[in-house]
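Worksheet: one structure, shown below.
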Amino acid sequence: MMKQDKKYLLDSIRAIENFPKEGIVFRDITTLLNNKEAFSFLIDHLVEKYKNSNIDYIAGIESRGFIFGSALSAKLKLPFVPIRKPGKLPGKCLQEMYSLEYGQDVLEIHVDAFNNTKNARILLMDDLIATGGTAIAAVKLIQRLEANCIEACFLLNLKDLDGDKQLSQLTSVYSVLEV
Ligand code: AMP
């Protein structure tokens, strides 16, 4: 993507200081979603990038990964798999714990999410990578189902936190924008 296109997309994302707590700059993608040109420009970019990647499933992380992941799934005519917070998925699940700044959280995936296909090629999607803990837990769930996470894709990488470096030990990492 060209520099001016990146600037256009980055300008469509609102930064809100001290949310959800003091010292955090929250990257609010609702302003990008609310901008029909910016949203479709982003999805078109991802369609071009991934249309020949032989992907079998797109997996999105709750909840903003659902928005971009399912929009891309529909365009690429690929099945979408939600990776959710605990207690939301009704079927039998695998769980993976990960660390937050304070305490721990869990992600879950349905055990039959990839229809028991061995080595299915999965693209993982979320809006943003910070420390990488969330995405690492999601990749581990994909791998425990004997699928192959071919890439983790983000709209935004907070690169000072080095989450992309941690995650790249498990899978290839792509982010459209970096701050
Ligand atoms: P992490 O596990 O630290 O990589 O955090 C990634 C998850 O937290 C993603 O699902 C993001 O949506 C969310 N997140 C973390 N930091 C921010 C931020 N500064 N602005 C918006 N969302 C964030």
Side-chain angles (χ1 to χ4, degrees), residues 6-35 38-39 41-43 45-46 49-50 57-73 80-89 93-110 113 122-145 149-179:
K6 288 189 181 189
K7 183 177 184 314
Y8 167 69
L9 277 183
L10 194 56
D11 287 348
S12 77
I13 301 168
R14 173 166 62 179
I16 297 186
E17 286 181 21
N18 302 316
F19 182 89
K21 57 185 178 204
E22 204 62 31
I24 304 278
V25 181
F26 190 85
R27 305 289 165 170
D28 175 21
I29 54 102
T30 64
T31 47
L32 181 155
L33 301 174
N34 206 270
N35 176 334
F39 189 21
F41 180 76
L42 169 67
I43 298 301
H45 166 73
L46 296 175
K49 177 165 172 60
Y50 290 113
Y57 297 85
I58 295 176
I61 303 174
E62 185 167 0
S63 57
R64 281 162 277 164
F66 291 180
I67 300 169
F68 301 112
S70 59
L72 183 60
S73 280
F80 177 78
V81 168
I83 295 179
R84 299 208 65 176
K85 305 280 166 61
K88 305 279 188 180
L89 290 169
C93 289
L94 288 185
Q95 294 197 329
E96 192 69 45
M97 211 141 58
Y98 61 101
S99 298
L100 297 172
E101 199 178 346
Y102 303 109
Q104 300 203 304
D105 212 341
V106 171
L107 284 179
E108 292 188 343
I109 193 168
H110 272 146
I122 316 300
L123 176 69
L124 178 67
M125 283 243 37
D126 203 359
D127 65 328
L128 182 148
I129 178 166
T131 65
T134 312
I136 287 170
V139 173
K140 286 183 179 165
L141 286 172
I142 291 167
Q143 292 177 341
R144 284 170 61 195
L145 290 178
C149 183
I150 59 144
E151 189 149 275
C153 174
F154 305 91
L155 171 57
L156 200 53
N157 174 20
L158 305 187
K159 62 172 186 271
D160 286 350
L161 294 173
D162 283 343
D164 57 333
K165 289 200 187 112
Q166 307 283 334
L167 181 60
S168 65
Q169 294 176 14
L170 289 181
T171 188
S172 159
V173 181
Y174 172 72
S175 65
V176 180
L177 307 172
E178 288 192 332
V179 285

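Just so you know, ligand 1 is whichever comes first in the structure, and atom 1 is the first atom listed for that ligand. Just so you know, these numbers come straight off a predicted model, no measurement behind them.
Although no hydrogens or angles enter the test, the distance criterion places a donor-acceptor pair under 3.5 Å between the side chain of N18 and the main chain of G23. Side-chain atoms of R84 do not come within 3.5 Å of backbone N or O of H110 as any donor-acceptor pair.
Between I24 and ligand 1, a contact under 3.5 Å exists for no N or O pair. For ligand 1, the polar-atom distance check finds an N/O of G132 within less than 3.5 Å of one of the ligand's N/O atoms. At a 3.5 angstrom cut-off on N or O pairs, A130 counts as close to ligand 1. Among the atoms of E62, none of the N or O lies under 3.5 angstrom from an N or O of ligand 1.
For L158, every heavy-atom contact with ligand 1 shorter than 4.0 Å involves the side chain, none the backbone.
For the pair V106 and P86, the tightest heavy-atom approach, listed with the atom from each and the gap, is O-CD, 3.1 Å. Minimum heavy-atom separation, L123 to C153: CD1-CB, 4.1 Å. Residues R14 and T31 approach most closely at N-OG1, 3.0 Å, considering heavy atoms.
By the 4.5 Å heavy-atom criterion applied to side chains, L124 and I83 are counted as neighbours.
Atom 19 (N) of ligand 1 has its closest protein heavy atom at V25 O, 2.9 Å.
Expressed to the nearest 0.5 Å, how far CD of E62 lies from CD1 of I67 amounts to 11.0 Å. Rounding to the nearest 0.5 Å places CD of Q166 at 8.5 Å from OG1 of T131.
Close approach to G133 involves these atoms of ligand 1, each under 4.0 Å from a residue heavy atom: 2 (O), 4 (O). Interface of T131 with ligand 1, defined as ligand atoms under 4.0 Å from a residue heavy atom, comprises 1 (P), 2 (O), 3 (O), 4 (O). Atoms of ligand 1 found under 4.0 Å from any heavy atom of D127 (numbered from 1 in listed order, with element): 9 (C), 10 (O), 11 (C), 12 (O). Atoms of ligand 1 lying under 4.0 Å from at least one heavy atom of T134, given by number and element, are 1 (P), 2 (O), 5 (O), 6 (C), 7 (C). Remark: ligand 1 atoms within the under-4.0 Å shell around heavy atoms of D126 are 9 (C), 10 (O).
Summarising the contacts of atom 15 (C) of ligand 1 with N157, D28, L128, the nearest heavy atom is found in L128.
Results of the side chain to side chain contact (heavy atoms under 4.5 Å, CB included) test with R27 over L177, L128, L155, D127 single out L128 as the only residue that passes.
Ligand 1 lies out of reach of G163, whose nearest heavy atom is not under 4.0 Å from it. Not a single heavy atom of I61 lies less than 4.0 angstrom from ligand 1.
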